[in-house]
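What follows is a single structure, written as structure tokens, with notes after it.
Because only heavy atoms are used, hydrogens play no part in the values below, and waters and symmetry mates are left out as well, while side chains stay in. Below, chains carry the letters A, B, ... as their sequence lines are ordered, and counting in each starts from 1.
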Amino acid sequence: MNEVRVRIAPSPTGALHLGLVRTALYNWLFARQQGGRFILRIDDTDAQRNMAEVLQPILDGLRWLGIDWDEGPEVDGPNAPYFQSQRVDGHKAAVASLLESGYAYYDYATTDEIAAERQAAVANKEGVFRYSRRWMAETAADRVRFEAEGRKSVVRLKMPTEGTLVIDDQVRGPVEFEWQREQDHVIQRADGTFLYHLASIVDDHAMGITHIIRAEEHLSNTPRQIFILQSLGVELPRFAHLPFVAEPGSRNKLSKRKIREYMKNRDFSELVARGNKIAAALKLETGLDAFSPVVVDFYRQTGFLPEAIVNYLALLGWALDDKTEHFTREDLVKSFSLERVNKSAASFDPGKLMAFQVRHMLALSVEKRVDLCLPFLEKAGLVAAPDKVAAIVSAAGDRIKVAGDIIDYLDFFTDDDKLTRDTTAFAREMGKYGAAGCLAKFRGVIASAAFEPAALEKCLQDFVAAEGIKVGQIIHVLRLAVTGKTVGFGLYETMAILGRESVLARIDYALREADK
RNA sequence: GGCCCCAUCGUCUAGCGGUUCAGGACAUCACUCUUUCAAGGUGAAGACAUGGGUUCGACUCCCAUUGGGGCCGCCA
């Protein structure tokens, strides 16, 4: 049994799309499990401008997710080059061989003539259009004659006209195609360049790919590729066609061009809002095209965990059993199988992705989470003491869902007299009878208190009892005074982290503000 | 239009003829806990697209219908 060799062959587009990631992941998992090789080939066209610019996001994104390739750009390998545009010699040789053996022919029809035939076919309701081969050059003499007319040639496949092809798809089982419905596809243009379907399958073969695991959209294109391979007299790889990653709440293929539409989805727009909030604190550019949950960079910029995304994506179209949901990368490598890949498209569910993120985040130690958060504080322009950050992260618990959420706690680091307040809420609480006096009095009590949560709680309980008021009558105004917000984690912990000096200063500041 | 693929709760899925008036997860709702927001606890609601077969017996097999998706380029 030969070594398993799989590949992804993206065209460089400037962004790593979720659908491509899922295909990459399944290929990678399969390779790792089988002890095979995972290859990255870039199916660029020769007319690609700014190669580095459009390629780098894909490379970086895959690496960030831990989807590493054994052969490909930046790592090289025995089957170099890994850019399709540099492999034209192979394409040329393949076409020459096909021509030689009669499985392809020079065709001298003009595009207008083909269009006319196609139109006629539609008009006659023939269903399929099949080229008449009227301008097919069967002999050298034909070529001379056509060329004398000033015609230019393309190379077409001479497809079979009868019989049935059965593809034993590893995900879908046997799929039948009738050869007579296939067309004489062009494989080489008049300008001598080669078409994707020729180049791709020739490269796959040259690289020794054993399993072509790709998106379902290629299923209909498989017959012509198999024909090429068969005509070349080489061994066929196995095929596995993966279902699409679909839009939130529909079965349409997920597209990075329809973000505006996805914004109607609540979970999707909440995710975007969360991302934008973090990006704003970090002063990042956030055009919806480049910065949205459809693109991997979004997750990296906002502090998601690669493990969480990998776990979620693995389950989007595959399941081990009826209950296992939390997978480490190693678990996935161990359990993955093409046989258990689903056949139907699976919608991307941002809410569920977030649930996986939280689960993976909480599985990390406080120290780990602090390490993840620190760079975000730094990017927000803060040099924070790790101890303090650790206390915040620990107290915040699952409120910090992604590392970037640490920016919700920037208030812990701002100057006491520059605290921004929820003024509406503050006015409301301060407006309540006796609130200001109560706050001032409590300030006196804690001025000498021990600043740790338990002691502070006792302090407040005693104060409340002595004053004959309820906890609710002071704690809200106190929170607003100290943090400026109505929400947050435990107030005693909050005060302990802030420390006596800060808390007293903030209360003083609040009282001054209230006086105005 | 032709061909190909797909079809279980809102979503991701388990189910490979009987042990299932269909199990889990996310989301939702209610209650509970509570200094706020989360979290937690308890519970609820929620699906086999339809119609025919096959079978003693179909979510599971077959066919049709319907619906959804994809491919039909001198694009990748």
Notebook entry, point to check: Should A:S347 be listed as having a side-chain N or O under 4.0 Å from OP1 or OP2 of B:C12?
Noted result: yes
Note to self: Using the P atom as the point on both nucleotides, what is the distance between B:G52 and B:C6, in whole Å?
What the structure shows: 24 Å
Margin query: Under 4.0 Å between a side-chain nitrogen and a carboxylate oxygen: does that hold for A:D321 and A:K323?
Written below: no
Checklist line | NZ or CZ of A:R359 within 45° of A:F356 ring axis and under 6.0 Å | finding: yes
Notebook entry, point to check: Does any pair with a residue in residues 393-405 of chain A pass salt bridge (Lys or Arg N to Asp or Glu O under 4.0 Å), and if so which ones, sequence neighbours excluded?
Noted result: A:R274-A:D405
Notebook entry, point to check: Does A:R189 have a side-chain nitrogen or oxygen under 4.0 Å from the phosphate oxygens OP1 or OP2 of B:A76?
Noted result: yes
Checklist line | Same-atom distance (P) from B:U60 to B:C16, integer angstrom | finding: 13 Å
Notebook entry, point to check: Considering only side-chain heavy atoms of A:E217, which listed nucleotide, B:C71, B:C3, B:C5, is closest?
Noted result: B:C71
Next item on the list: Strictly below 4.0 Å, heavy-atom distances to any atom of RNA chain B: list the hits from residues 349-362 of chain A, or just say none.
Entry: A:D349, A:G351, A:K352, A:A355
Note to self: Taking the P atom in each of B:U55 and B:U65, what is the distance between them to the nearest angstrom?
What the structure shows: 23 Å
Item checked: First of A:Y492 and A:K253 reached from the 5' end of RNA chain B, by closest nucleotide -> A:Y492
Note to self: Between B:G70 and B:G18, how many Å separate the two C1' atoms, rounded to a whole number?
What the structure shows: 38 Å
Item checked: Integer angstrom distance from the C1' of B:A47 to that of B:A22 -> 9 Å
Item checked: Residue-phosphate contact under 4.0 Å: A:R340 side-chain N/O, B:G15 OP1/OP2 -> yes
